[in-house]
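These notes are about the structure you will find just below.
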There are 2 protein chains.
Amino acid sequence: MAGQQERSRGGRRRASHSMESVLAEAVALLDEAGAPALTFRALAQRLGGGVASIYWYVASKDELLDRATDHVMAAALADIEALPHSDDPIDDLRAMALTLFDTIVKRPWLGAYFMRNTDVQGNALRVYERLGEQTLRLDLTARQRFHAVSAVVGVVVGSAVDLGQEPPQEILDGAVNREEFLGRYAAAWRELDSADFPFVHEIIDEFDGHDDIDQFRAALDLTLTGLRLQAEA
Amino acid sequence: MAGQQERSRGGRRRASHSMESVLAEAVALLDEAGAPALTFRALAQRLGGGVASIYWYVASKDELLDRATDHVMAAALADIEALPHSDDPIDDLRAMALTLFDTIVKRPWLGAYFMRNTDVQGNALRVYERLGEQTLRLDLTARQRFHAVSAVVGVVVGSAVDLGQEPPQEILDGAVNREEFLGRYAAAWRELDSADFPFVHEIIDEFDGHDDIDQFRAALDLTLTGLRLQAEA
DNA sequence: ACCTGAACACCGTTCAAGT
DNA sequence: ACCTGAACACCGTTCAAGT
């Protein structure tokens, strides 16, 4: 409970919030049960007040989610700024992207809002800036730099979306773990005719039990080697 | 109106649907006014029947969206399969990815469902297969192939999400066009201290008025050059 | 300045009943 | 086999009123 209660002489209560407590409780709700759990009613209950109060702090649910996202991005930004710098800007870029990935792994609900709307998301803008600064150390045109950072952010967002989708209720319920879930897909794929689906059969064993971070690293590395080549050209 | 009306002797009507008409109308609704416009009530009205009828065809809204997505993927798959083959698998991969991008540009609402849940999305699986088959022509391990296709799909999905987000109501209303919208952001960025945000300032002019397809092409090319290097190693 | 209760206009989903 | 109306249990958002 982040809200405070004021007891006036009549014995009536009046909750008292703050932007900080609203966002902290919103994030807590999202962390505990994902995006569908964040409703104004649930949030108001946690804050110990009425639904309408929240509208004093945010104009809409969209803004609430934007601000909640930026709230957790503060920590990601701090992690990124705490990273040691190497003499290779591309290695630094990779380390930053991995830090971002880590943020999403811990909070899959970020998928839908991550790194968008830098209007409200001041920390996201700063993260964008830090990524971009690494490209300033590379021999590229402004346009290439713009595209490079977009590409890196794209890889991260792509993973964010994937992770945000992943838990199809059964996993959240604990009824099925990730391994079984992947295995079920793999089993369905194995039923496909291998003449019609040679590629699917080629990669079934890789898919079965794969780790998201490997997939992310591989995608990131392809982009970064492409970038390195571009900078050296 | 895709539903048909049967007139029985009492003069009462009874709508008659089909999976095909349900999906066609769902897609029409999505095309006309985006994801929020697709409600069971709106869809039922278009079909000329009751809300509950739709549940005979799909078990949930999620499934409806999955099937609607796969419905439009049929055309994308056909486009991809109609593509001429070159002797360079990476060029073919690029052409396929561009075809996918084109599908999303025409239907930004795809952002949230594109290429996920191949369970229900049979056409998405076939697209995945076609992309993957190009990697079979490259000298790679199964794992590298798996990661390569994931990366390419990731770039496309990343763009899909971006495009799906884009129209912030004002643009849909026609109150503001894309150029003005970008310009407003750019103007806000120009206000930032250039000592604190050197990168943002470096790329403002690139951002202002940029074209999404250039961004997509650039990200795709970085991934594909990375892939080419990997295959040649 | 900040909070409240109650209402409004929606949602997806279910179900017993109809044809 | 397929469709229906009406109900249920929610939503986000607004607003006049309170402190």
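Every chain is numbered from 1, with letters handed out A, B, ... down the list of sequences.
Distance CD (A/Q45) to P (D/dC11): 11 Å, rounded to an integer number of Å. The separation between B/H17 atom NE2 and D/dC2 atom C1' is 10 Å, rounded to whole Å. The OH-C1' distance, from A/Y57 to C/dC2, rounds to 7 Å in whole Å. For the pair B/L43 CG and C/dC10 P, the computed distance is 17 Å after rounding to whole Å.
Of the candidates C/dC2, C/dT4, D/dA1, D/dA1 carries the atom nearest the B/W56 side chain, counting heavy atoms from C-beta on.
The aromatic rings of A/Y128 and B/W189 are tilted relative to each other, their planes meeting at an angle between 30° and 60°.
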List, with names and distances, any nitrogen or oxygen atoms from the protein found under 3.5 Å away from nitrogen or oxygen atoms belonging to nucleotides 12-14 of chain D.
from, atom 1, to, atom 2, distance (Å)
D/dG12, OP1, A/K61, NZ, 2.9
D/dG12, OP2, A/F40, N, 3.1
D/dG12, N7, A/R41, NH1, 2.7
D/dG12, O6, A/R41, NH2, 2.7
D/dT13, OP2, A/Y55, OH, 3.0
D/dT13, OP2, A/K61, N, 2.8
D/dT13, O5', A/Y55, OH, 3.2

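Between B/S53 and D/dT4, a side-chain N or O to OP1/OP2 separation shorter than 4.0 Å is present.
The backbone N or O of A/H17 lies less than 3.5 Å from no partner atom in the side chain of A/S21, so there is not a single donor-acceptor pair.
We find that B/R190 and B/D208 are joined by a salt bridge, their nearest charged nitrogen and carboxylate oxygen being less than 4.0 Å apart. For the pair B/R126 and B/E129, the salt-bridge criterion is not met [side-chain N within less than 4.0 Å of a carboxylate O]. Between B/E180 and B/R184 there is no salt bridge, since none of the side-chain N atoms of the basic residue sits less than 4.0 Å from a carboxylate O of the acidic one. Between A/R46 and A/E32 there is a salt bridge, with a side-chain nitrogen of the basic residue lying less than 4.0 Å from a carboxylate oxygen of the acidic one.
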Evaluate A/Q215 against A/H210 for side chain to side chain donor-acceptor pair (under 3.5 Å), listing each step before the verdict.
CA-CA 8 Å; A/Q215 224 172 327; A/H210 79 274; 2.9 Å; yes
Would you write out the dot-bracket form of DNA chain C, 5' to 3', with Watson-Crick and G-U pairs under 3.5 Å, [ ] for crossing pairs, | for pairs to other strands and . for unpaired bases?
||.|||||...|||||.||
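With sequence neighbours excluded, the residues forming a side-chain contact (heavy atoms from CB on, under 4.5 Å) with B/D79 are B/T99, listed by chain and number.
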